[in-house]
Amino acid sequence: MFVSLLQDAAAAGATSSQTLMSVVPFILIIAIFYFFIIRPQNKKQKETQKMIDALKKGDKVVTIGGIHGLVAQTKEKTVILKLDEGVKVEFNRSAIAGVVNETPAKSEKTSEKSDESKDSEKSE
């Protein structure tokens, strides 16, 4: 009788370890999904929201449709972009894909320097 109880306990221990071993792969899959898919997506979403909240007058932006413009005015849920002289269009803030960091002064100076370097190479 005592031996049969020990055998039953050993069998129960084996089934609990088998159950644990069958659950471990599911836990690993959930962890992989979290670290490789869910967490980076949440981080990117927070960065995008932070960028949209920080929009201010004078920022150069690109919309999700590929339209480039200058922020003329910001409202609570929308942004008015100046596309050209006398052309202003109102977009939802969520339609802004990103802020363009390039400023006209930097690009002009860069092109002047590259022209000077080309001239100096030609003279040599």
Side-chain angles (χ1 to χ4, degrees):
M1 183 163 153
F2 181 72
V3 175
S4 66
L5 288 175
L6 286 176
Q7 288 176 348
D8 290 341
T15 58
S16 66
S17 68
Q18 288 176 352
T19 305
L20 179 65
M21 292 304 287
S22 66
V23 172
V24 169
F26 292 113
I27 293 171
L28 288 174
I29 290 171
I30 291 170
I32 289 170
F33 267 92
Y34 176 75
F35 284 109
F36 289 112
I37 296 173
I38 297 169
R39 188 169 172 235
Q41 186 174 358
N42 286 343
K43 186 176 180 182
K44 184 177 179 179
Q45 188 176 14
K46 284 180 184 178
E47 289 174 2
T48 303
Q49 188 61 42
K50 185 178 176 182
M51 180 268 307
I52 288 172
D53 291 340
L55 285 176
K56 62 187 180 300
K57 185 176 180 179
D59 286 345
K60 288 187 173 186
V61 296
V62 179
T63 66
I64 56 175
I67 298 173
H68 293 249
L70 187 69
V71 176
Q73 184 181 357
T74 59
K75 296 181 181 180
E76 187 177 332
K77 294 186 179 186
T78 61
V79 175
I80 297 176
L81 297 183
K82 181 179 177 183
L83 304 179
D84 199 11
E85 293 299 322
V87 179
K88 292 183 180 179
V89 181
E90 188 170 4
F91 289 93
N92 285 337
R93 282 183 175 257
S94 61
I96 304 299
V99 177
V100 180
N101 294 328
E102 183 180 327
T103 59
K106 286 185 180 180
S107 63
E108 289 174 7
K109 288 179 183 178
T110 306
S111 64
E112 288 174 8
K113 287 181 182 179
S114 63
D115 291 340
E116 290 174 4
S117 64
K118 288 179 184 177
D119 293 338
S120 66
E121 289 176 4
K122 289 180 182 178
S123 63
E124 293 176 357

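Hydrogens, waters and symmetry mates play no part in the numbers below; they use all other heavy atoms, side chains included.
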Requested in this report: Grab the two heavy atoms, one from Met21 and one from Pro25, that are nearest each other, plus how far apart they are.
Outcome: O-CD, 3.1 Å
Query raised in the report: So do Thr63 and Ile96 actually touch side chain to side chain, heavy atoms under 4.5 Å?
Result: yes
Query raised in the report: Less than 4.0 Å between a side-chain N and a carboxylate O, is that true for Lys50 and Asp53?
Result: no
Throw together a table of side-chain donor-acceptor distances under 3.5 angstrom for residues 76-95, partners on residues two or more places apart or in other chains.
residue : atom : partner : partner atom : Å
Thr78   : OG1  : Glu90   : OE2          : 2.8
Arg93   : NE   : Lys75   : O            : 3.1
Arg93   : NE   : Glu76   : O            : 3.4
Arg93   : NH1  : Ile52   : O            : 2.7
Arg93   : NH2  : Lys75   : O            : 3.0

Query - Hydrophobic cluster identity match, Ile64 and Val100, side-chain contacts under 4.5 Å - result: no
Query raised in the report: In Å, rounded to the nearest 0.5 Å, how long is the span from CD of Gln49 to NZ of Lys46?
Result: 11.5 Å
Just distance, no hydrogens or angles: give the donor-acceptor pairs under 3.5 Å from side chains in residues 27-45, sequence neighbours left out.
none

Query - Contacts of type side chain to side chain donor-acceptor pair (under 3.5 Å), residue Gln73, not counting sequence neighbours - result: none
Requested in this report: Find out if a path of hydrophobic residues (ILVMFWY) with successive side-chain heavy-atom gaps under 4.5 Å connects Leu55 to Leu70.
Outcome: no
